[in-house]
Amino acid sequence: MKFIFADSLDYVDPAFDFIADRSPAERQPYWDDVYPHEILGYAPYDGVLVSRGIVGDHRVKGKYTASQARRFALVGARKFLRLDKPEFANLDIFGDCGAFTYVNEERPPYSPAEMVEFYDECGFTHGCSVDHIIFDFDPAGTTMTGGSESAHRRFEITLENADSFRREALAAQARFTPLGVVQGWSPGSMAEAARQLVTMGYDYLALGGMVPLKSPDIKRCLAAIRDAVPVSTRLHILGFAKAGDIDSFHGYDIASFDTTSPLIRAFKDAKQNYYLPGKGLELRYFTSIRIPQAIENPKLQRSVKKGMFRAEDLVRMESEALGLLRAFDRGEADLEETLRSVIAYSAPLVEEKPYEDCTDSTKLSQLAQRYRETLASRPWRQCHCAICRDAGVDVIIFRGSNRNKRRGIHNLGVYKKHIERLDLKRAVS
């Protein structure tokens, strides 16, 4: 089972100064920053996925700048992502259209012929057909009944585009492997879409629209699709948001899936921000310690403007919390002293009330317990990856992109090894 990382320009500055909290003045983000496989010294994934919508153009505003999009088209995906070294030659480069970026349009902005040209000229190894996402979902639907008029229309558009996409790829003698995208509003409609795609000639299918679904619903769709297609048909899950639950999906013979979950959870999850291997095939999770910039954090600044406390008090408490965390890491401050300082600075973040009026003791108590577990375990000392060796305690501090994404990249490395352990378990069993 291949773990494909869905990239969105997720690089970090290797020269970032944690003490001064800044990058060099002359830093040029794309040119000076490094991707996960560069900073770790190995690829923490089996491949990378790039969405056409993320690259962007005059029709869809992507995340790339105009000059980055031009460079991507000029040098190709592998060189742009700096995967052109021999040690990365075997990594796959998947592409999809990024259906979430044009979800409100009547039809996808890209034609099948255009996407075939994009994938082929940019050197993708795998390319998904042009789909139109369907958000309706009825877990009990086992046939083609149900679904809104819009869902049926998008279903037909997706299949028409898939047929045309495969024909265009064959005519162009494209060098990438085409994937037919499955969209539907129920397990039954997805199974029918899969059946039609196989009839068109596809032997690799990508399941779309999975992001908002819960694990049991995704499994219902996989089971229905598996019943409708030959055993040899490979399945890919697009935007698999349930990456932490991947072990429970092993019975559906998934060939690959793409996700950003291990990286994103480093700074978007309330509790599970830092990964370590656990006992057996489990993962251990730790809460990162939030110490935002006093002068830049919007919530803190709102409280300053309301007169709840003074900006200079925030700056002092921020400095004290950071100093004690580093002293704790060196063995020069005890846990409880460090925890008190961190929680005192966290109080206005939890409540947006003055320091002397922090009445929501339950939230603070729960936060303090999670922080205590993190500090007591010192997880950053248990990991020997390049990020944790270099950043030390700063990798556990929730504060700015360069720390947060480093923590996410560390998570990618732990997660890749987790997938390898699961694959080994399946091979043995």
Item to check | Check: Glu38 side chain, Tyr35 main-chain N or O, donor-acceptor pair, under 3.5 Å | outcome: yes

Checklist entry - Is the backbone N or O of Ser288 less than 3.5 Å from a side-chain atom of Arg290, with the two atoms forming a donor-acceptor pair by type? => result yes

Next on the checklist: Holding to ring-ring contact (aromatic ring centres under 6.0 Å, His included), I want the full list of residues that pass it with Tyr30, two or more places apart in sequence or in another chain.
Outcome noted: Phe80

Checklist entry - Can you name the ring-ring contact (aromatic ring centres under 6.0 Å, His included) partners of Tyr275, sequence neighbours left out? => result Tyr285

Checklist entry - Could you walk me through whether Ile396 and Arg378 pass the side chain to side chain contact (heavy atoms under 4.5 Å, CB included) check? => result CA-CA 9 Å; Ile396 208 72; Arg378 288 181 170 88; over 6 Å; no

Item to check | Side chain Tyr345, main chain Pro292, donor-acceptor under 3.5 Å | outcome: yes

Item to check | Spacing of Asp258 atom CG and Phe3 atom CZ [to the nearest 0.5 Å] | outcome: 9.5 Å

Next on the checklist: Angle between ring planes, Phe257 versus Phe240, binned at 30° and 60°: parallel, tilted or perpendicular?
Outcome noted: perpendicular

Checklist entry - Are Ser256 and Tyr204 close enough that a side-chain donor and a side-chain acceptor fall under 3.5 Å? => result yes

Checklist entry - Taking side chain as C-beta onward, heavy atoms only, is Lys242 less than 4.5 Å from Ile237? => result no

Next on the checklist: Measuring only between side-chain heavy atoms, which start at C-beta, is Arg284 closer than 4.5 Å to Gln382?
Outcome noted: yes

Checklist entry - Can you find a pair of side-chain heavy atoms, one from Phe267 and one from Ser401, that are under 4.5 Å apart? => result no

Next on the checklist: Between Arg226 (side chain only) and Asp253 (backbone N and O only), is there a donor and an acceptor less than 3.5 Å apart?
Outcome noted: yes

Checklist entry - Are any side-chain N or O atoms of Ser129 and backbone N or O atoms of Asn161, one a donor and one an acceptor, separated by less than 3.5 Å? => result no

Checklist entry - Step by step, would you call Leu9 with Ile54 a side chain to side chain contact (heavy atoms under 4.5 Å, CB included)? => result CA-CA 9 Å; Leu9 298 179; Ile54 292 291; 5.7 Å; no

Checklist entry - Any chance CD of Glu114 has more than 12 other-residue heavy atoms, nucleotides or ligands included, within less than 6.0 Å? => result yes

Checklist outcome for this item: What one should report as the nearest heavy-atom pair of Ser346 and Tyr371 is OG-CE1, 3.8 Å

Item to check | Asp33/Asp13 under side chain to side chain contact (heavy atoms under 4.5 Å, CB included): CA gap, chis, key distance, verdict | outcome: CA-CA 4 Å; Asp33 289 5; Asp13 175 15; 3.5 Å; yes

Checklist entry - Are Asp217 and Arg220 close enough for a salt bridge, meaning some N to O gap below 4.0 Å? => result yes

Checklist entry - Can you name the nearest heavy-atom pair linking Glu337 to Ala333, along with the distance? => result OE1-CB, 3.9 Å

Item to check | Where Pro379 and Thr374 come nearest, the two heavy atoms and their spacing | outcome: CD-O, 3.2 Å

Checklist entry - Does Gln369 reach the side chain of Gln366, with side-chain heavy atoms less than 4.5 Å apart? => result no

Next on the checklist: Taking Asp46 first and then Lys416, would you say they form a salt bridge - that is, a charged N and a carboxylate O separated by under 4.0 Å?
Outcome noted: yes

Item to check | His410 side, atom NE2; Cys388 side, atom SG - distance, nearest 0.5 Å | outcome: 5.0 Å

Next on the checklist: So does Ala241 get a backbone contact from the side chain of Thr259, meaning a donor-acceptor N/O pair under 3.5 Å?
Outcome noted: no

Next on the checklist: Taking the side chain as everything from C-beta on, heavy atoms only, tell me whether Ile39 gets closer than 4.5 Å to Tyr11.
Outcome noted: no

Checklist entry - Could you give the distance from CG (Leu179) to OH (Tyr202), rounded to the nearest 0.5 Å? => result 8.5 Å

Checklist entry - Checking side chain to side chain contact (heavy atoms under 4.5 Å, CB included) for the pair Met1/Ile246: CA distance, chi angles, key distance, verdict? => result CA-CA 10 Å; Met1 180 170 53; Ile246 187 62; 3.6 Å; yes

Checklist entry - Considering only heavy atoms from C-beta outward, does the side chain of Ile93 approach that of Arg78 to under 4.5 Å? => result yes

Item to check | Minimum-distance pair of heavy atoms, taken over all atoms of Ala224 and Pro187 | outcome: CB-O, 3.5 Å

Item to check | Interatomic spacing from CG in Leu263 to CG in Asp10 - rounded to 0.5 Å | outcome: 5.0 Å

Checklist entry - Between Thr287 and Asn273, do the side chains contain an N or O donor and an N or O acceptor separated by less than 3.5 Å? => result no

Checklist entry - Distance from Leu375 atom CG to Phe328 atom CZ, nearest 0.5 Å? => result 5.0 Å

Checklist entry - Does some side-chain heavy atom of Val130 sit less than 4.5 Å from a side-chain heavy atom of Ser111? => result no

Next on the checklist: Quick check against the 3.5 Å criterion: does Asp92 have a side-chain atom that pairs as donor or acceptor with the backbone of Phe94?
Outcome noted: no

Next on the checklist: Counting only heavy atoms from other residues, nucleotides and ligands, does the tally under 6.0 Å from CG of Asp390 exceed 12?
Outcome noted: yes

Checklist entry - What is the distance from atom CZ of Phe118 to atom CG of Asp57, rounded to the nearest 0.5 Å? => result 9.0 Å

Checklist entry - Side-chain contact, heavy-atom cut-off 4.5 Å: Arg326 with Ile19? => result yes

Checklist entry - Quick one: does Arg406's side chain have a donor or acceptor within less than 3.5 Å of a partner on Asn402's backbone? => result yes

Next on the checklist: Using a 3.5 Å distance criterion without hydrogens, assess whether the side chain of Ser319 forms a donor-acceptor pair with backbone atoms of Val315.
Outcome noted: no

Checklist entry - Looking at Cys128 and Phe165, what are the two nearest heavy atoms and their distance? => result O-CZ, 3.8 Å

Checklist entry - Without hydrogens or angle criteria, can the side chains of His132 and Tyr102 be said to hold a donor-acceptor pair below 3.5 Å? => result no

Next on the checklist: Checking Phe100 now: which residues fulfil ring-ring contact (aromatic ring centres under 6.0 Å, His included) with it, not counting sequence neighbours?
Outcome noted: Phe135

Item to check | Heavy atoms of other groups near Glu312 CD, more than 12 under 6.0 Å | outcome: yes

Checklist entry - So among Arg399, Arg403, Arg407, Arg389, which one has a salt bridge (Lys or Arg N to Asp or Glu O under 4.0 Å) with Asp394? => result Arg403

Checklist entry - Will you find, in the side chains of Ser150 and Ser148, an N or O donor that is under 3.5 Å from an N or O acceptor? => result no

Item to check | Geometric class of the His418/Tyr415 ring pair [parallel <30°, tilted 30-60°, perpendicular >60°] | outcome: tilted

Checklist entry - Ignoring hydrogens and geometry, is there a side-chain-to-backbone donor-acceptor pair from Arg153 to Glu106 under 3.5 Å? => result yes

Checklist entry - Looking only at heavy atoms, which two atoms of Val34 and Arg82 are closest? And how far apart? => result CA-NH2, 4.0 Å

Next on the checklist: Given Tyr119, which partner from the list Glu121, Met115, Glu117 fulfils the side chain to side chain contact (heavy atoms under 4.5 Å, CB included) test?
Outcome noted: Met115

Item to check | Pair Arg22 + Asp17, salt bridge at N-O below 4.0 Å | outcome: no

